[in-house]
Amino acid sequence: MRRTHRCGDLRATHVGQRALLQGWVHRQRDHGGLIFIDLRDREGIVQVVFNPTIAPEAHATASDARAEYVLEIEGTVAPRPAGTENPELPTGAVEVVADRAQVLNPSLPLPFTVAEEGPVDEAVRLTYRYLDLRRPRMARNLVLRHRVVKFIRDFFDELGFLEVETPILAKSTPEGARDYLVPSRVRPGEFYALPQAPQQFKQLLMVGGVDRYFQIARCFRDEDLRADRQPEFTQLDLEMSFVEQDDVLGLAEDLFTRMSRALTTKNVPTPFPRLTYDEAMTLYGSDKPDLRYGMASVELSDLFGETEFEVFRGVLGSGGVIRGIRVPGGARYSRREIDELTETGKTEGARGLAWAAIEPGELRSSFARFLSEGEQRAMIERLEGREGDLLLLVAAPGWVPSKALGAIRIEVARREGLADPDTLAYARITEFPLLEWDEEGRRWDAVHHPFTSPMDEDFSLLESDPGRVRAQAYDLVCNGWELGGGSIRIHRRELQERMFGLLGFTPERAEAQFGHMLRAFQYGTPPHGGMAVGIDRVVAIFAGESSIREVMAFPKNQSAADLLMNAPSQVDERQLRDLHIGLELD
RNA sequence: GGGCUCGUGGUGUAGCGGCCUAACAUGCGGCCCUGUCAAGGCCGAGAUCGGGGGUUCGAAUCCCCUCGAGCCCGCCA
């Protein structure tokens, strides 16, 4: 190591010391005589001065230097002349007066500026990711990500958890997300699958007596990408023996409270609100509500039992419901803006949107003229409407009013900037349904996964009314993102077989696919449960980023391509032969 | 598979039927300049307006197709 100091570390205390620095040319300012170069390394930036009368050779080298050249310079740390200090820079009290300089490696002109933050097309950033990583945003996010992972490892280590690695070459399970398949030279015609999650392995670790397990685990899913979804991503995976739901949720709350406060300056309301799935869906139309703002929807059906308004009467007559929300200050919305909100509601199945703007002395409304005065008053009172507010109502079957108003709620919050970026609004969502009906496949599907235990009090419904069975499953949400979820698992063979039966597995298929689990449960499997949390999403929320790509060093673009390496790519005929694979492309 | 938005010098934007022989900033090259820190000044190079077809006397601008990017729906046990 030739470096004596890091550029960003130099302070007034170093004045008088000799320094040998290596780093990148952040910026070069050539005054003809004096040349200033801001030399940058990971720790920061320091100004280096080249004086032609002191060191003509070094000055000549500095004169040729361009952005992102890698330089080695040697000189003396000096206080800056009075009046030229730069308070913007941590190193701004000092500068290095260079007497020697050497170009370690020049740089071509850049495809985009490293020294400035400005927006750059993401495809260009990803193609030159190594340059993008030098910019402050990515450099900062990588540091934050490291701290999150470090915090998690320390946290669980202190509690006696063991980090255990599980296989990346695992077994394909046709349920759930599509697998990435891996062929094998030595096993013609057979395939491994990359794990969608270490789910079965961690349960088997509990059977193996590990008791408390965690892992920073890479997971793979061959599904379409989103801002918060990549084909490979990282989970905090954890599992505990002899625990109940509250033990897991309590641990998660403790981890996230402490980690958020240690690594961010954001507000973290505690304790985390706890909503059942049913409550979240009813109030916010979502199982991952953003609780940084209000505007929960309110049940109004009972106010319109006698109404003359045909639309409401029709919906109520066929068993539908009427719900509403209050948009504070929304009375100033134009017809056009309200029409746009109506469109938002339609994406969730609402046929229309009934609206009423509370203006001084009158109700400007799409439907109030069909209501009695009593109905108008009751509606305003129930929604706590005040002058200047806009009341929005949806009448429709089932979840539609909640979901439509939930979508409108998010849209209004976006327009009004209601979501405080400096708050982390965590919540626990519990009592998820165990099963959901798959209309296409004409069968019941596991909402979480087939190893999830039903709630004790719903056992009797398993065969009689499967759709009403609640699971011991839970999610951790934050600011409208699903951060993670988990469940208490089934640990007895009989119940697991019953679950497979409900999911339409023949005993033969259950044996072929999950026989190892069923067998393991016959050898003293402890009760156990756990959860998995998306690390990429946690870091993104902490960093204030809206895409997890911003917190991954080398992410893929929306069409699942790695633009830097150019993956995926075609392979040699020879490789395919070794793997006993023939291609059939259409 | 579908919906929406966007493709203009290296980068970021403007222009949205004729004033475009395409503007601005930054970057790039040259010259000048000894206290700047987004250094400054002067000069210069750099774009067949993603690609193809069409409408029109005339297209960066309007229409169709296509390719690419982003966001969303489906999908994500």
Side-chain angles (χ1 to χ4, degrees), chain A residues 26-39 45-54 59 63 66-68 78 80-89 91-92 95 97 108-128 131-132 173-179 196-197 199-200 219-231 233 343-344 346-349 407 410-411 414 432 434-436 438 440-441 443-452 471 473 482 485 487 499-500 503 505 513-514 532 534 546-547 549 557-559 561 563:
Chain A
H26 192 66
R27 264 188 254 274
Q28 183 238 40
R29 292 180 294 280
D30 188 340
H31 287 234
L34 286 182
I35 295 173
F36 299 95
I37 283 180
D38 291 337
L39 200 66
I45 293 168
V46 71
Q47 173 167 284
V48 183
V49 193
F50 298 86
N51 190 321
T53 62
I54 297 175
H59 180 269
S63 175
R66 294 292 177 270
E68 299 307 305
R80 292 201 187 187
T84 67
E85 301 89 351
N86 184 351
E88 304 286 309
L89 224 52
T91 62
E95 61 192 7
V97 181
L108 289 174
L110 302 158
F112 53 86
T113 319
V114 168
E116 275 165 40
E117 281 276 26
V120 178
D121 182 82
E122 200 178 352
V124 179
R125 289 176 59 203
L126 292 179
T127 304
Y128 297 93
L131 295 179
D132 194 31
T173 51
E175 290 73 31
R178 277 176 275 260
D179 285 322
Q196 296 172 24
Q199 182 60 35
Q200 295 181 51
C219 305
F220 306 86
R221 294 177 190 177
D222 189 1
E223 296 292 348
D224 285 354
L225 290 77
R226 290 283 192 283
D228 61 352
R229 274 164 39 189
Q230 282 270 306
F233 59 102
E343 287 306 310
T344 302
K346 283 181 180 170
T347 63
E348 293 297 337
I410 291 171
E411 177 58 23
R414 192 187 62 77
F432 276 79
L434 182 69
L435 302 164
E436 66 190 341
D438 173 17
E440 206 177 318
R443 61 189 176 84
W444 292 99
D445 264 348
V447 168
H448 188 47
H449 56 54
F451 310 108
T452 302
E482 178 192 330
S487 62
M499 264 303 283
F500 286 143
L503 295 170
F505 283 60
Q513 231 172 84
F514 298 113
S546 52
S547 162
R549 294 189 298 274
N557 72 357
Q558 190 155 51
S559 23
L563 296 178

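Letters A, B, ... mirror the listed sequences (proteins, then strands); counts begin at 1. As the structure is a computational prediction, the values presented were derived from the model and not from experiment.
Side-chain contact check for A:Q558 and A:R549: no donor-acceptor pair (N or O, by modelled atom type) lies under 3.5 Å.
Spacing between atom CZ of A:R178 and atom P of B:G1 amounts to 11 Å, rounded to whole angstrom units. In this structure, A:K346 atom NZ and B:C72 atom C1' are separated by 19 Å, rounded to whole Å. The CD-P distance, from A:E436 to B:G74, rounds to 12 Å in whole Å. Taking atom CD of A:Q200 as the reference point, atom P of B:A77 lies 14 Å away to the nearest angstrom. Per the geometry, CG belonging to A:L108 stands 18 Å off P belonging to B:G27, to the nearest Å. Following rounding to the nearest Å, A:Q558 (CD) and B:C76 (P) show an atom-to-atom distance of 17 Å. One can place CG of A:D224 at 13 Å from C1' of B:C71, the figure rounded to the nearest angstrom. Taking atom CD on A:E223 and atom P on B:C73, their separation rounds to 14 Å, with Å as the unit.
Annotation: B:A60 and B:G15 have their C1' atoms spaced 8 Å apart (nearest Å). Taking atom C1' on both B:A59 and B:G46, the two are 24 Å apart, rounded to the nearest angstrom. When the P atom is compared between B:C19 and B:U66, the two are found 32 Å apart, to the nearest whole Å. When the P atom is used for both B:G27 and B:C37, the distance is 14 Å, rounded to whole Å. Nucleotides B:A22 and B:U13 are separated by 14 Å at their C1' atoms, to the nearest Å. When the C1' atom is compared between B:U36 and B:U61, the two are found 44 Å apart, to the nearest whole Å. Between the P atoms of B:U5 and B:G41, the separation comes to 41 Å (whole Å). Nucleotides B:C42 and B:U48 have their P atoms positioned 29 Å apart, rounded to a whole Å.
With a 3.5 Å ceiling on both atom-pair distances, the Watson-Crick or G-U wobble partner of B:U5 is B:A69. With a cut-off of 3.5 Å on both pairing distances, B:U34 has no Watson-Crick or G-U wobble partner at all. Applying the Watson-Crick and G-U wobble criteria (two distances, each under 3.5 Å), B:G46 pairs with nothing in any strand. Remark: B:U11 base-pairs with B:A25; criterion is Watson-Crick or G-U wobble with both hydrogen-bond distances under 3.5 Å.
Within 4.0 Å of A:D445, counting heavy atoms only, lies no atom of the nucleic acid at all. Residue contacts shown for A:R221 are limited to sugar-phosphate atoms, with no base heavy atom under 4.0 Å away. Using a 4.0 Å heavy-atom cutoff across all strands shown, A:R125 reaches no nucleic acid atom at all.
In terms of position on RNA chain B, the residue among A:L126 and A:A197 whose nearest nucleotide sits closer to the 5' end is A:L126. Both A:L563 and A:D228 lie close to RNA chain B; mapped to their nearest nucleotides by heavy-atom distance, the more 5′-ward contact belongs to A:L563.
When every heavy atom of A:P450 is checked against every heavy atom of A:F500, the shortest pair comes out as CB-CE2, 4.0 Å. Smallest separation of non-hydrogen atoms from A:L89 and A:R80: CD2-NH2, 4.2 Å. Of all heavy-atom pairs between A:P231 and A:L225, the closest is CD-CD2, 3.2 Å. When every heavy atom of A:H448 is checked against every heavy atom of A:G485, the shortest pair comes out as CE1-C, 4.3 Å.
A:Q196 has no side-chain polar atom (N or O) that falls below the 4.0 Å cut-off from OP1 or OP2 of B:C76. Between B:G70 and A:R226, no contact under 4.0 Å exists linking OP1 or OP2 to a side-chain N or O. One finds no side-chain N or O of A:S547 lying less than 4.0 angstrom from the OP1 or OP2 phosphate oxygen of B:G70.
Taking CD from A:Q28 and CD from A:E68, the interatomic distance works out to 13.0 Å, rounded to the nearest 0.5 Å. Rounded to the nearest 0.5 angstrom, A:N51 CG and A:H31 NE2 are separated by 12.5 Å. The line from CG of A:D438 to CH2 of A:W444 is 10.5 Å long, rounded to the nearest 0.5 Å.
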Quick tally for nucleotides 33-46 of chain B: nucleotides whose base has a protein heavy atom under 4.0 Å get B, sugar-phosphate-only ones S, the rest -, giving BBBBBSB-------

Can you give one letter per nucleotide of nucleotides 6-11 of chain B, going 5' to 3': B for a protein heavy atom under 4.0 Å from the base, S for sugar-phosphate only, - for none? ----SS

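Between A:R125 and A:D132 a salt bridge is recorded (basic side-chain N to carboxylate O distance below 4.0 Å). Under the 4.0 Å criterion applied to side-chain N and carboxylate O atoms, A:D445 and A:R443 are assigned as salt-bridge partners. For A:R229 and A:D224, the salt-bridge test fails: no basic side-chain N is under 4.0 Å from an acidic carboxylate O.
Using a distance-only test at 3.5 Å, with no hydrogens or angles considered, a donor-acceptor pair links the side chain of A:Q196 to the main chain of A:A177.
Among the nucleotides B:C71, B:A77, B:G1, the one closest to any side-chain atom of A:A227 is B:C71.
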